[in-house]
Amino acid sequence: MTTVTLGHLDNTVQQASAAAVARVLEAYDLEVEYVAASRAGMEAHMRQGDVDLFVSAWLPDVDAGFLAEGLGMEAFGQLYRPAFGWCVPEAAATGITSIAELAAADCPVGREIVAPASVIDLVRQIVAAYNLTEAGYTIAVRPDAEACDHAAQVLENSLPEIIPVWQPSFVHYGQRVVQLEDPKGACGPEQDARILLRSAIRAEIDQDLLDELDELTLGNKVVSALDHAMRTEGMSAEDAAEAWQRGKLLPR
């Protein structure tokens, strides 16, 4: 086997994670061909055998569909630990530490929640769990890219607004935000970001490579830094992954 098709969902966190994994593949003299798609499109690619490795599936819940019978994929490794939550810019938090505190009449946080379309169900779940509609909160649904741009502006200007976002992400780079506690567990459980392998090609891949990938840990901090480099510094996923590998991405 000289070429590996590496699938990922079409967003910067997944592009960056895939590029980091590709650095390992290239060290084994494998040529990497990327396949990027939406979840529905990726399932179709898997069903057709177009994807050898996929980075990364958020399990056990978010991407459970990728392990459905007929797709022929198996999971291994643990790259990082995705978790959904709400945060507020550190400079604007003014002592707020929990979602439960947002309903207070004197809470200085803005009452409009700009939510990426991909997480609207989770945002609504949290609003309902903490009775935030009664406290005057409204949800403004935006396309994911537009919501990310808005989050960047909120961070840049330290605005007192809620940022609903999955961790890791550029939002969490550099400890610029306060991650609000969720005493009711409304944000849902933490996930494992795992690599998927097309079972049919397991015998064709070097076992040492599989072992190295199985042990590869990026961690939320590294993936947040990769995402930040792509979104705010204009790096490609490959350039960000190379900078990380050379120790130039994270402050020492």
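If you're wondering where the values come from, they're calculated on a predicted model, not measured in any experiment. Heavy-atom basis, side chains included; hydrogens, waters and symmetry copies ignored.
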Heavy-atom pair of closest approach, residues [X] and [Y]:
X: Ala20; Y: Leu226; answer: CB-CD1, 4.5 Å
X: Phe76; Y: Arg194; answer: CA-NH2, 3.4 Å
X: Gly7; Y: Val51; answer: N-CG1, 3.8 Å
X: Met42; Y: Val35; answer: CE-O, 3.4 Å
X: Asp182; Y: Ala186; answer: OD2-N, 2.8 Å
X: His172; Y: Cys87; answer: NE2-SG, 4.4 Å

Assess whether a salt bridge exists between Arg39 and Glu43, defined as any Lys/Arg side-chain N lying under 4.0 Å from an Asp/Glu carboxylate O. no
Going by an N to O cut-off under 4.0 Å, is there a salt bridge joining Arg81 and Glu190? yes
Among the clusters formed by ILVMFWY side chains lying less than 4.5 Å apart, do [X] and [Y] turn up in the same one?
X: Phe54; Y: Leu79; result: no
X: Val88; Y: Ile96; result: yes
X: Leu210; Y: Leu67; result: no
X: Ile162; Y: Tyr130; result: yes
X: Val55; Y: Met73; result: no

Can you find a heavy atom in the side chain of [X] that is under 4.5 Å from one in the side chain of [Y]?
X: Glu101; Y: Cys107; result: no
X: Val127; Y: Ile113; result: yes
X: Pro89; Y: Pro160; result: no
X: Leu30; Y: Thr3; result: no
X: Pro183; Y: Ser98; result: yes
X: Ser38; Y: Asp10; result: no
X: Gln191; Y: Asp61; result: yes
X: Trp58; Y: Tyr80; result: yes

When you measure from the side chain of [X] to the backbone of [Y], do you find a donor-acceptor pair of N or O atoms at a distance under 3.5 Å?
X: Asn131; Y: Glu134; result: no
X: Glu112; Y: Tyr137; result: no
X: Arg111; Y: Val109; result: yes
X: Asn157; Y: Gln153; result: yes
X: Thr5; Y: Asp52; result: yes

Roughly how far, to the nearest 0.5 Å, is the [atom2] atom of [Y] from the [atom1] atom of [X]?
X: Gln15; Y: Leu9; atom1: CD; atom2: CG; result: 10.0 Å
X: Glu26; Y: Glu242; atom1: CD; atom2: CD; result: 9.5 Å
X: Leu132; Y: Ile126; atom1: CG; atom2: CD1; result: 9.0 Å
X: Glu33; Y: Leu6; atom1: CD; atom2: CG; result: 10.5 Å
X: Asp106; Y: Thr94; atom1: CG; atom2: OG1; result: 9.5 Å
X: Asp206; Y: Leu25; atom1: CG; atom2: CG; result: 11.0 Å

Would you say the side chains of [X] and [Y] form a donor-acceptor pair under 3.5 Å?
X: Arg23; Y: Gln245; answer: yes
X: Thr12; Y: Asp227; answer: yes
X: Tyr28; Y: Asp208; answer: no
X: Asp121; Y: Gln125; answer: no
X: Gln14; Y: Ser56; answer: yes
X: Thr97; Y: Glu181; answer: no

Geometric class of the His228/Tyr173 ring pair [parallel <30°, tilted 30-60°, perpendicular >60°]: parallel
side-chain hydrogen bond (donor to acceptor under 3.5 Å, both in side chains) with Ser118: which residues, sequence neighbours excluded? Asp144
Show, in sequence, the C-alpha distance, side-chain angles and deciding distance for Thr217 and Gln78, and conclude whether the side chain to side chain contact (heavy atoms under 4.5 Å, CB included) test is met. CA-CA 6 Å; Thr217 301; Gln78 184 188 84; 6.0 Å; no
Just do the side chain to side chain contact (heavy atoms under 4.5 Å, CB included) check on Glu146 and His150 with the steps written out, would you? CA-CA 6 Å; Glu146 185 177 326; His150 180 79; 5.9 Å; no
Let's go through Arg202 and Glu74 carefully: what are the C-alpha distance in whole Å and the side-chain angles of both, what is the deciding distance for salt bridge (charged side-chain N to carboxylate O under 4.0 Å, His left out) to 0.1 Å, and is it a yes or a no? CA-CA 10 Å; Arg202 170 176 277 279; Glu74 58 185 81; 2.7 Å; yes
Take Ile201 and Val4 through the side chain to side chain contact (heavy atoms under 4.5 Å, CB included) test and state the conclusion after the steps. CA-CA 10 Å; Ile201 66 160; Val4 172; 6.0 Å; no
Hydrophobic side-chain clustering at under 4.5 Å (ILVMFWY, transitive links): who's grouped with Ile163? Put none if nobody. Val154, Leu155, Leu159, Val165, Phe170, Val171, Val177
